[in-house]
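Since the structure comes first, as structure tokens, the remarks are kept for the end.
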Amino acid sequence: MRVINNNILVKLQSQSTTFGNGLSVNNETQNRKDIISGKVFKTSIDIIKEGELVWFPMYAASVVTLSEGEFYIVHVDDVIIVDDANTNK
């Protein structure tokens with residue numbers, strides 16, 4: 001499977017997230033602000049790597065269900081934060 005046209009395939013985070021700088025955000029806070037986060041599963045660009053944590057507006061994503069689970073397709077221009085300190089490949 002490939003992702004094309006400057007999109008990324010993101011697996012939604014299900015728990016609270018702690019950034020490399022110690023900032024912690026839980027799902028309740030994320031939902032209130034309509035900003036969600038997830039790990040990049042597949043990418044079509046070099047500036048965002050697989051395994052990185054990305055944050056994006058919920059309205060900017062399309063939900064797809066694959067054999068591996070539920071994912072969001074997000075255009076790279078809609079990503080507002082890339083936290084490479086939490087990369088777990």
- May I ask whether Ile8 and Leu66 are part of the same hydrophobic cluster, defined by side-chain heavy atoms of I, L, V, M, F, W, Y residues being less than 4.5 angstrom apart, directly or through others? no
- May I have the step-by-step check of side chain to side chain contact (heavy atoms under 4.5 Å, CB included) for Val63 and Glu70, ending in yes or no? CA-CA 7 Å; Val63 179; Glu70 189 172 274; 3.5 Å; yes
- Note on the structure: Between Pro57 and Asp78 the two heavy atoms that sit nearest each other are CD-O, 3.2 Å
- Message: Quick one, Arg2 and Lys42 - any side-chain contact, counting heavy atoms below 4.5 Å?
- Response: no
- Message: Ile45 and side-chain contact (heavy atoms from CB on, under 4.5 Å): which single residue from Val76, Val79, Asn5, Val3 fits?
- Response: Val76
- Query: Side chains of Val64 and Leu9: does their closest heavy-atom pair fall under 4.5 Å?
  - Reply: yes
- Any side-chain heavy-atom pair of Asp34 and Tyr59 under 4.5 Å: no
- Rounded to the nearest 0.5 Å, how far does CG of Leu53 lie from CD1 of Ile48? 11.0 Å
- Heavy-atom closest pair (Lys11 atom, Glu68 atom, distance to 0.1 Å) is NZ-O, 3.5 Å
- Message: Val10 and side-chain contact (heavy atoms from CB on, under 4.5 Å): which single residue from Ile36, Val54, Ile73 fits?
- Response: Val54
- Message: Using the rule that Ile, Leu, Val, Met, Phe, Trp and Tyr join whenever any side-chain heavy atoms are under 4.5 Å apart, tell me whether Val82 and Phe56 fall into a single cluster.
- Response: yes
- Donor-acceptor under 3.5 Å (Ser44 side chain, Asn7 main chain): yes
- Leu12 CG to Lys39 NZ distance, which is reported to the nearest 0.5 Å: 12.5 Å
